[in-house]
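Here's the structure, in structure tokens; my notes come after.
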Amino acid sequence: MNRFILFSLAVAVVGISALPDQSLSRARNGGKKMVCYIGTWARYRPGDGKFLPEQADPNLCTHMMYGFAILKDNVISVHDPWGDLKDEWGGGHDGYKRFTSLKKQNPELKTLIAIGGWNEGSKKYSEMVADSSSRKTFVDSIIPFLEKYGFDGLDLDWEYPTQRDSENLEDRENFSALVRELREAFNRAGKGYLLTAAVTPNTKTVDIAYEVPEISRDLDFINVMCYDYHGFWDGHEFTGHNTPLYRHPLDEKYEPFFNANDTVTYWLQAGLPKEKLIMGMALYGRGFTLAREEDHGLYAPTTGGIPQGPYTRQAGIWGYNEICEKFQAEEGQWKISFNEHLKAPYAFNGRHWIGYEDVESIYYKAEYARNMDLGGAMVWSLETDDFRGKCHDEPWILLKTIVNTMNGDDKPTIPERPEVVPEEDNEIEPVTEGDVPPSSTRRPRPIRPSRATTTRAPSADVPPTSAASSDGECKEEGIFASGNCSKFYQCVRTDKGFQKHEQSCPPGTAFNPEIKNCDHPSSVSGCSNVVRTSDNYRRTGQGLTTIA
Ligand SMILES: *[C@@H]1O[C@H](CO)[C@@H](O)[C@H](O)[C@H]1NC(C)=O
Ligand SMILES: *[C@@H]1O[C@H](CO)[C@@H](O)[C@H](O)[C@H]1NC(C)=O
Ligand SMILES: *[C@@H]1O[C@H](CO)[C@@H](O)[C@H](O)[C@H]1NC(C)=O
């Protein structure tokens, strides 16, 4: 199926000069992990946005994660049979095979299947872990699945225990039980299968959702998703960066812990050993439409997400490939500000604003992971790097910067950027303690659950819609609304015309044709009666996470 994610300076470029095979041997020798997710629904993207597993460079990653398999009747299940497998008539994309075949080029590469993601919701997982017999059903389904399709391990992307549409605080202990039982089963199998998980960056929910010492003991490593800190979703009325490395002074009033440093520090203090902590990084940006063109700093008022990009086709989020190609195509129109607090850039052009990663900011993140002596780095996700090398002299500029930096390289030469604007020219004036910001421009962000659907790593999303249609007939590829608020369908081209796949939104959400994604029902006209089954953030007074 599909969900996808999203996600792109013109310019000449001086890049990083290590050859791929040097990166490889150095990655091995350095002992640090480079964990690379693929949002495999990128197979359905148009033009140069289309990405197939064999386009990945098996020598840049130590571990690759196939996003996603799903949970069905308590067993691990193929999500998109047409995309993931070959059918009996020889059709199908054969995604699993293309993915695991990368090992032929690098026998040391580990290829894992990730189960879950944002669109799966939380409830099914909560129910499965709450009963020892359904847990056993799940555990028993895993090794046969890994053997059948040739995966090296399982990555658990339950987003998240005790959160979203699960209200069950027992998820915390029951998740530990599941992880322990999987570990025991893997040990009994004796085949060296890997067991990992992707977890929340939100420091307010870490202790509610996880028994950190227990899961840290039983998992081989843990991917901490240090992204989606800010973005356009329900009620978010201000610009903010997807991936701040450090706190901005203005954050103190809003969400002071929404940055990678606070997340990583928190997980370490909670009991995750540093060698098992894999720091997640984003190969995409999140953007807004500004309320006023001249107000383009951080915490500037917004009216919505940045319009969709050509490949990921979802408002509010652009891949690095879409960002850098846009800068090229609209040379001279984009201005960039590199924020020294966040250690990350944002760019704006008219009323369009995007916070993203470039070579310099991703270098600082990898340098951070290296200096903290973490177990490695993770990216969500490969298919939105400049994987074709259209913007830079060589492909994979962001991924290579991470690998080289983790391996000890100095700061690389930073590719030339479009016009750089001095920070003080576009930053709003600092709000001093006790100030009441003018209403409607500087209120704290409303406390509402995020929809952050997409991208998040293992997050995920809904595939792009190419047109709205609700008559149920597939006439072109894409995703379409259905007559039912909680469902949408995906049309895939086959030899014999089109095949229709019905998909459901996570409980309590509704398909929004405008953003082509599952959304809060209140944002979808005619669907406000879809019931939210829970709102754990409000219930527990945890405030809102914008994190997936
Ligand atoms: C789930 O967690 C609760 C609280 O610890 C526990 O009472 C219950 O037995 C657990 N369920 C299973 C199936 O282990
Ligand atoms: C990183 O986070 C820690 C813990 O919150 C904090 O003490 C430290 O000052 C932060 N570092 C920077 C450069 O902000
Ligand atoms: C929409 O689909 C859900 C899930 O199958 C179902 O429970 C619900 O009754 C449907 N709603 C309508 C209006 O058909």
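Any value given below was found using the heavy atoms of this structure, including those in side chains, with hydrogens, waters and symmetry copies removed. Whatever order the structure lists them in is the order used to number ligands and atoms, beginning at 1. No experiment lies behind these values; they were computed from the predicted model shown.
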Original post:
So is A177 in contact with ligand 1, going by heavy-atom distances below 4.0 Å?
Top reply: no
**OP:** Work out whether the distance between some heavy atom of R172 and some atom of ligand 1 is less than 4.0 Å.
**Re:** no
Just jot down the ligand 1 atoms closer than 4.0 angstrom to any heavy atom of [X], in number order.
X    : value
E173 : 4 (C), 5 (O)
N174 : 1 (C), 2 (O), 3 (C), 8 (C), 10 (C), 11 (N), 12 (C), 14 (O)
D131 : 13 (C)

Below 6.0 angstrom between ring centroids: does that apply to [X] and [Y]?
X    : Y    : result
F238 : H230 : no
W353 : Y299 : no
Y368 : Y364 : no

Original post:
Which protein residues have a heavy atom closer than 4.0 Å to any atom of ligand 2, listed by chain and number?
Top reply: Y246, N261, D262, T265
Subject >> Considering all heavy atoms, the nearest S216-K276 contact >> reply: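 Taking S216 first and K276 second, the nearest heavy atoms are O-NZ, 2.7 Å.
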Original post:
Among L374, D373, I278, whose side-chain contact (heavy atoms from CB on, under 4.5 Å) with K32 holds?
Top reply: D373
Subject >> Result of checking F327, Y227, F338 against Y356 for ring pair (Phe, Tyr, Trp, His ring centres under 6.0 Å) >> reply: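 Single pass found, and it is F327.
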**OP:** Give the C-alpha distance, both sets of side-chain angles, the deciding distance and a yes or no for side chain to side chain donor-acceptor pair (under 3.5 Å) between S134 and E127.
**Re:** CA-CA 8 Å; S134 52; E127 288 168 356; over 6 Å; no
Subject >> For Y363, ring pair (Phe, Tyr, Trp, His ring centres under 6.0 Å) partners two or more places apart >> reply: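 Ring pair (Phe, Tyr, Trp, His ring centres under 6.0 Å) list for Y363, sorted by chain: empty.
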